[in-house]
Amino acid sequence: MSEGSSSLPSEAAVVAGPTGAGSRIGGDFWARYGVLLALVVMAVVFVALSDRFLTQDNLVNILRQSAVTAIAAVGATMVLIAGGIDISQGAVMAFAGLAAVVIIEQMGGPDIVAIAVALLFASLFGLANGVLAEKIRIPAFIATLGTALVIRGVAFVYTEGRSIGLSGDAGELLKWLGRGFIGPLPVPVVLMIILYAVAAWVMARTTWGLHTYAVGSSERAARIAGVRVSRHRIEVYAVAGLLSGLAGVVLAGRLASAAPGLATGAEFDILTAVVLGGTSIYGGRGNVLRTLLGAVFLATMTNGLILLNVPSFYQTITVGVVLLVALSLDRLRSRGSR
Amino acid sequence: MTGGGTDPLPVTVATGTNGDVVTAAALAAIDVHRSFGAVRALRGVSLAVAPGEILGLVGANGAGKSTLIRILTGDLEPDAGEIRMRGEVVRLATVRDAQGLGIGVVRQELDLVPDLTVAENLFLGEEHRFPGSGWRLDRAAMSRAARPLLDAVGLALDPSVRVSALSIGDRQLVAGARALRDAATVMLLDEPTSSLTPWETERLFATLRTLATRGVAIIYISHRLDEIGALCGRVTVIRDGANVGDFGDPANELDAIVTAMTPGIGEPGQRAPSGSRVGVDEPLLEARGLRVGRHGPADLVLHRGEILGVFGLVGAGRSTIARALTGSLQPDAGEVVVRGRAVRLRSPWDGYRAGVAYLAEDRKTESVLPGLSIRYNVGVRAPGDTARAGILDIGRLRALARRTIDRLAIKTPSDQALVDQLSGGNQQKVAVGRLLAERLDVLVLDEPTHGIDVKAKRELLDLLRELAAEGKGVLLISSELAELVSVADRIVVFRNGKVVAAFDASEATETGLVGAAAGRSRAA
């Protein structure tokens, strides 16, 4: 077992195997287990303070609430590992959700086509992010901020700012994606689990995943080692766009409607989840599966604060503080290793 | 000089620097020692420069010049020895200390801020402010104060012009003017002409001579002996961190200076006979009139089964041409020819596909992938059969990494260890191992033995011979003469981006190589 699991690049790329971890145990320990530990401590506190926390309904609810963020966070993790950043994710989610609803509701298109077109748009937005950041060499934060404004602006213009609902039994498949169940688990949760399994495999077992780590670790070294850095990063941005689109479609399905202002600021929840999971915003280090823990942590925190009747403005502050703590830990760690 | 470290004062310099000179000197370094970990960069260096004197400081790569400059400018403190100005011991703990004492420096890499104006650059950190106000900039006063500084270096430009609008030569002079701002009694210049045109160089020299007549002491560091001969009244040569000679008439002693600079070659004759080469006449990689920026045109041919050594001093353009040969830089003119066919390599990826790969000199930023394990550093391109349809075969990847570890004797607990955790020498081996993992015909290695210990160096060089015997071509860029002479079949020498001399290894002499590199070429 140790042989099998330790041969995963996700392990090898983030932290050394058992033999090499000694000198950096401090940083690595918190990167690997910090969020899990925090999650457990927080859960214990909530269990103690609220008898409604530890119920099956509430736990399933937490998972469902984390699903949309978690799905988009897969893409964000890949982008950060590759040494980029994508803050257009909220806008892409809104656009994709809206596109699916508009095609079903206003154009009478079949669900499957609506979803496919929404995902296609989202991938193209991701591609555009990649080209702007890698070919035109606009710093990724600014480039994706620009695309976010354009995308959301177009959505506002098209809908004149109104939200569009799915009427009656239109959009069955879309609603199922957002609200359906498979056995005891909500469809978004199942989707999330499958997606994380696939992403973890891709990052650990394919040259694509390996190159994602390599270009984030050192752009210049990766280039000289014969990796096509720009091209690879563009692909990563496109995948992130696709996954933002998927998150947006699921969100629209859950709400059975879409609006141009949907998922405003979602990119910051997503980034918080990713950084909580120990992925470095400086590139090269990170792990997809731990991002899932980060997303669940955030959803649990929000859920618990609601159960304890903490006003929502305080929740915003809490998320901000958590993000800053996670970023500080990341900074301290990357300073130590350089 | 072996006893230099234990000798008390006074100075133990071989020539020139007697007590009077030290007392009168604008700046004197006396028996200065400095180590970095186990590396002894300076083991007892002394020099002295009098007011109004232009002293040349020369030495081959790694002789310790840079360390000495950093000590004289307050960037580093010596482990032992002292610095005196006009006979008085001074302590240069910070760069500000040195500036306060009137020591100005013009560095190789210009530390000007391109988006600020000339005046703003001249007074960066020492801005003129309105009297009685701690923060309001007095631009007019700065412009007025800039004028005499610019005049002193012979620049007749408007101080409110942005530095980014200036030519490299003008920037060099602005940097000189800033050095003067620190009321320079001593001015150090470190390879200031490496990017100047001949005309700009002449102008700089005229400025320096004028400054010297006003009593400024100048220490001029350069690889270019013709410049040293033209400018300096005296030359101090250092080698391996110690003084090896002082020359009072440099213009007529250039050959002796070359000899003094030249490190001795260890283990002569311990080399594989050139006769072992296979496929001698099949050219694998050629540069034809290759030109990149101010480097070139360069012409060279690497044959199958051959190790072609490339020698040159820092800034000779060896790495630039090597990059252009392997796709990591685009040439401005000329051709790269692989196995007889002209190719256009748009990226190192193209290079790998053509069977040509480059090992960069800067290990930290351009060769290893920090945060990744040895296994993935070696197999980052998933060479050979380690991946199928983009899916990694972890077993084969592991086997590849372990073979590499064995073959290169990399010291590591496992192939899973992060490359960052290895010593520098072992990191270098990992980087070399990456090239060996592929089926490449041509390896272009830029200072591959830099910073690795003697034993590892020997192993690596033996490995290069093996590779050549297998029919690969190896282009070996190195600043170590011993290494080149012991392993290469032929050696070419670069200067100003051109091949200025070529030697068969059997007839290469150390003075011949250093002389050619420094511009004292006797027809090759």
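Below, read A as the first sequence line, B as the second, and so on, with proteins coming before strands; counting in each chain starts at 1. Worth saying up front: this structure is predicted, and the values here are computed from it rather than measured.
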Worksheet, complete the sentence: Whatever's closer than 4.5 Å to a heavy atom in chain A on B:Arg323 counts as side chain
Worksheet item: Is it the case that more than 12 heavy atoms not belonging to A:Phe121 sit under 6.0 Å from its CZ atom?
Response: no
Discussion item. Using modelled atom types and a 3.5 Å cut-off, is there a donor and acceptor pairing between side-chain atoms of A:Ser217 and backbone atoms of B:Pro370?
Written reply: yes
Worksheet item: Quick check: does any side chain N or O of A:Arg223 sit under 3.5 Å from a backbone N or O of B:Ser328, one acting as donor and the other as acceptor?
Response: yes
Item to complete: Would you give the length of the straight line joining atom CG of B:Asp350 to atom CZ of A:Arg228, rounded to the nearest 0.5 angstrom?
Response: 8.0 Å
Practice prompt. Using non-hydrogen atoms and a 4.5 Å limit, figure out which bit of B:Ala357 sits close to chain A: side chain, backbone, both or neither.
Written response: neither
Discussion item. With a 4.5 angstrom heavy-atom cut-off, is it the side chain or the backbone of B:Val368 that approaches chain A, or both, or neither?
Written reply: backbone
Worksheet item: CG of B:Leu392 to CH2 of A:Trp201: how many Å apart, nearest 0.5 Å?
Response: 8.5 Å
Discussion item. For a 4.5 angstrom cut-off between non-hydrogen side-chain atoms, does A:Val227 reach B:Tyr352?
Written reply: no
Discussion item. With rounding to the nearest 0.5 angstrom, report the CG to CZ distance, A:Leu210 to B:Arg381.
Written reply: 11.5 Å
Worksheet entry | A:Ile224 vs B:Thr326 side-chain heavy atoms within contact, under 4.5 Å | no
Worksheet entry | Where A:Ala221 and B:Leu369 come nearest, the two heavy atoms and their spacing | CB-CD2, 3.9 Å
Worksheet item: What's the spacing between A:Arg285 CZ and B:Leu372 CG if we round to 0.5 Å?
Response: 9.0 Å
